[in-house]
Engineer: 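One structure is given below, represented as structure tokens, and several questions about it will come after.
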Amino acid sequence: MAYSDKVIDHYNNPRNVGSLNKDSEEVGTGIVGAPECGDVMKLQIQVQDGVITDAKFKTFGCGSAIASSSLATEWLKGKTVDQADQIRNTDIASELALPPVKIHCSVLAEDAIKQAIADFKNKNPSSAESVESPATRS
Amino acid sequence: MEASMLRQADPFARLGLLRAFRVVEGDLVEAHRAASLRWHPDRFALAGEAARLQAEDEMALLNEAFDILKDPIRRAEALLTLEGFRKSETTDMSSSPEFLMEMMELKEQVAEDIRENRQEALKAKHQEMMCLEWDEIDRIKTAFDQLEAVARTDNDTRTRIFRQIRALLNQINYLRKTREEISRALI
């Protein structure tokens, strides 16, 4: 099976590999696995004032899984948490031109994003309101 | 191959065995032998093309059912699929984040050992992981034994045990895949 140029690019030059401090209040961590292929993916976001200022990932798996998470971190930076929540696996799959048998890799990335956001919101229960607060005038 | 996998709805039924994790090897061999007699190619030597092809198909499925049931992990997977706890093709909903984090760390170490070509360390890890897998298989056996003692109407308990087995099987798969990586790096 041939990988697309974009997958190969992300595979050879993965963006944002690494870790953020998972104990930080500003950091949300998502860790997901795929039992069928044995892949494990960790994706972290750093959120300041409702905006994702940094994103890191670490993936042990096939080229498509690495590329999906690498692309996800690129997309996450600069987005608000709510915008990040809108990223769908289909966006990732079409950007990387993943073949049908590799779609599940993009699903894994979407689930990792969702978990990271959930973890962040869990640590910051009031974050949902604080993002909107600038609009509220006293 | 893939087509026959799809048709293999119930390897236990195909061999006329009760759905259970504990299978006596002699019973399995005997069930396979008995079922094979029915579809043996010799019996269809003079039959028409269609009947011969069907017999061939049936034999292939019987052999596959036998292979599935003699392997404890494939047998457990077959039972879970029949009960509606099939392995997820996408995201794992059974393993805890703690376990996945452990796997992540293990895979990180293995990747480093492979990069540095630390053969001794890799061999030791391979061994260690095989032991872990055996422990998991033992846990799966125990869980199926517990299941036997639960009334078929007690759905909550059955579901809880099936979920537990699902998680154990998933864990074995992560270990196996990592072990395969190590095997490829061993000289």
Side-chain angles (χ1 to χ4, degrees), chain A residues 11 14 17-23 27-44 56-66 68-69 72 88-90 92-93 98-116 118-120 122-123, chain B residues 2 5 73-74 76-77 80-81 85-115 125-126 129 132-133 136 140 162-185:
Chain A
Y11 182 76
V17 175
S19 290
L20 299 168
N21 177 13
K22 70 171 165 50
D23 297 322
V27 172
T29 302
I31 181 156
V32 291
E36 184 66 36
C37 35
D39 293 359
V40 191
M41 181 184 287
K42 184 179 79 176
L43 191 146
Q44 295 179 299
K56 296 267 184 225
F57 85 97
K58 231 176 226 186
T59 294
F60 289 92
C62 66
S64 301
I66 291 170
S68 295
S69 37
R88 289 291 162 268
N89 85 286
T90 43
I92 296 170
L98 295 181
V101 290
K102 291 292 179 183
I103 297 295
H104 68 271
C105 298
S106 63
V107 176
L108 207 57
E110 182 188 323
D111 289 336
I113 295 173
K114 283 189 192 137
Q115 265 199 28
D119 182 47
F120 171 76
N122 203 23
K123 282 181 183 171
Chain B
E2 217 170 297
M5 287 295 278
I73 293 172
R74 296 184 72 190
E77 285 285 3
L80 259 71
T81 301
F85 296 86
R86 171 195 288 274
K87 177 159 63 188
S88 161
E89 278 161 18
T90 58
T91 309
D92 188 352
M93 296 300 176
S94 311
S95 302
S96 67
E98 290 75 24
F99 172 79
L100 291 173
M101 203 56 110
E102 260 176 55
M103 275 300 104
M104 188 109 217
E105 278 157 19
L106 177 72
K107 278 169 177 277
E108 232 165 338
Q109 285 170 18
V110 167
E112 196 187 307
D113 288 341
I114 290 176
R115 227 177 9 252
K125 282 206 182 72
H126 191 273
M129 289 168 75
L132 283 175
E133 282 169 43
E136 307 265 34
I140 289 173
F162 278 127
R163 290 216 173 112
Q164 186 191 337
I165 298 171
R166 178 70 271 152
L168 288 166
L169 281 168
N170 285 2
Q171 293 182 6
I172 287 181
N173 218 50
Y174 290 107
L175 290 167
R176 281 198 158 181
K177 294 283 173 181
T178 313
R179 202 157 54 79
E180 280 167 23
E181 255 171 71
I182 297 178
S183 296
R184 283 194 292 272

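Order of the sequence lines sets the chain letters (A, B, ...), proteins ahead of strands, with each chain counted from 1.
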Engineer: Where do A:Lys58 and B:Met104 come nearest, in terms of heavy atoms and distance?
Structural biologist: O-CE, 3.0 Å
Engineer: CD1/A:Ile31 to CD/B:Glu102 distance, rounded to the nearest 0.5 angstrom?
Structural biologist: 10.5 Å
Engineer: What part of B:Ser95 gets within 4.5 angstrom of chain A, counting heavy atoms only: side chain, backbone, both, or neither?
Structural biologist: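 Neither; nothing under 4.5 Å.
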Engineer: I'd like to know if the side chain of B:Asn173 and the backbone of A:Gly38 have a donor-acceptor N/O pair within less than 3.5 Å.
Structural biologist: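 Answer holds: no.
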Engineer: Which one, A:Ala112, A:Gly33, A:Ala34, leads in non-hydrogen pairs under 4.5 Å with chain B?
Structural biologist: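 Of the candidates given, the most pairs with chain B belong to A:Gly33.
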Engineer: For the interface with chain A, which of B:Val110, B:Asn170, B:Leu100 has the highest count of heavy-atom pairs at distances below 4.5 Å?
Structural biologist: B:Leu100
Engineer: Give a yes or no on whether A:Arg88 atom CZ has more than 12 heavy-atom contacts from other residues, nucleotides or ligands under 6.0 Å away.
Structural biologist: yes
Engineer: Chain B heavy atoms under 4.5 Å from A:Cys37: which part of the residue, side chain, backbone, both or neither?
Structural biologist: backbone
Engineer: Check this for me: B:Phe162, atom CZ, are more than 12 non-hydrogen atoms of other residues, nucleotides or ligands nearer than 6.0 Å?
Structural biologist: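 Check passes, neighbour count above 12.
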Engineer: Roughly how far, to the nearest 0.5 Å, is NZ of B:Lys177 from CD of A:Glu36?
Structural biologist: 7.0 Å
Engineer: For the CG atom of B:Asp92 and the CG atom of A:Leu108, what is their distance to the nearest 0.5 Å?
Structural biologist: 9.5 Å
Engineer: Which one of B:Glu89, B:Glu180, B:Met101 has the most heavy-atom pairs closer than 4.5 Å to chain A?
Structural biologist: B:Met101
Engineer: Do you know which two heavy atoms are closest between A:Pro35 and B:Ser88, and how far apart they sit?
Structural biologist: CG-O, 3.5 Å
Engineer: Which one of B:Met93, B:Glu108, B:Gln171, B:Glu181 has the most heavy-atom pairs closer than 4.5 Å to chain A?
Structural biologist: B:Glu108
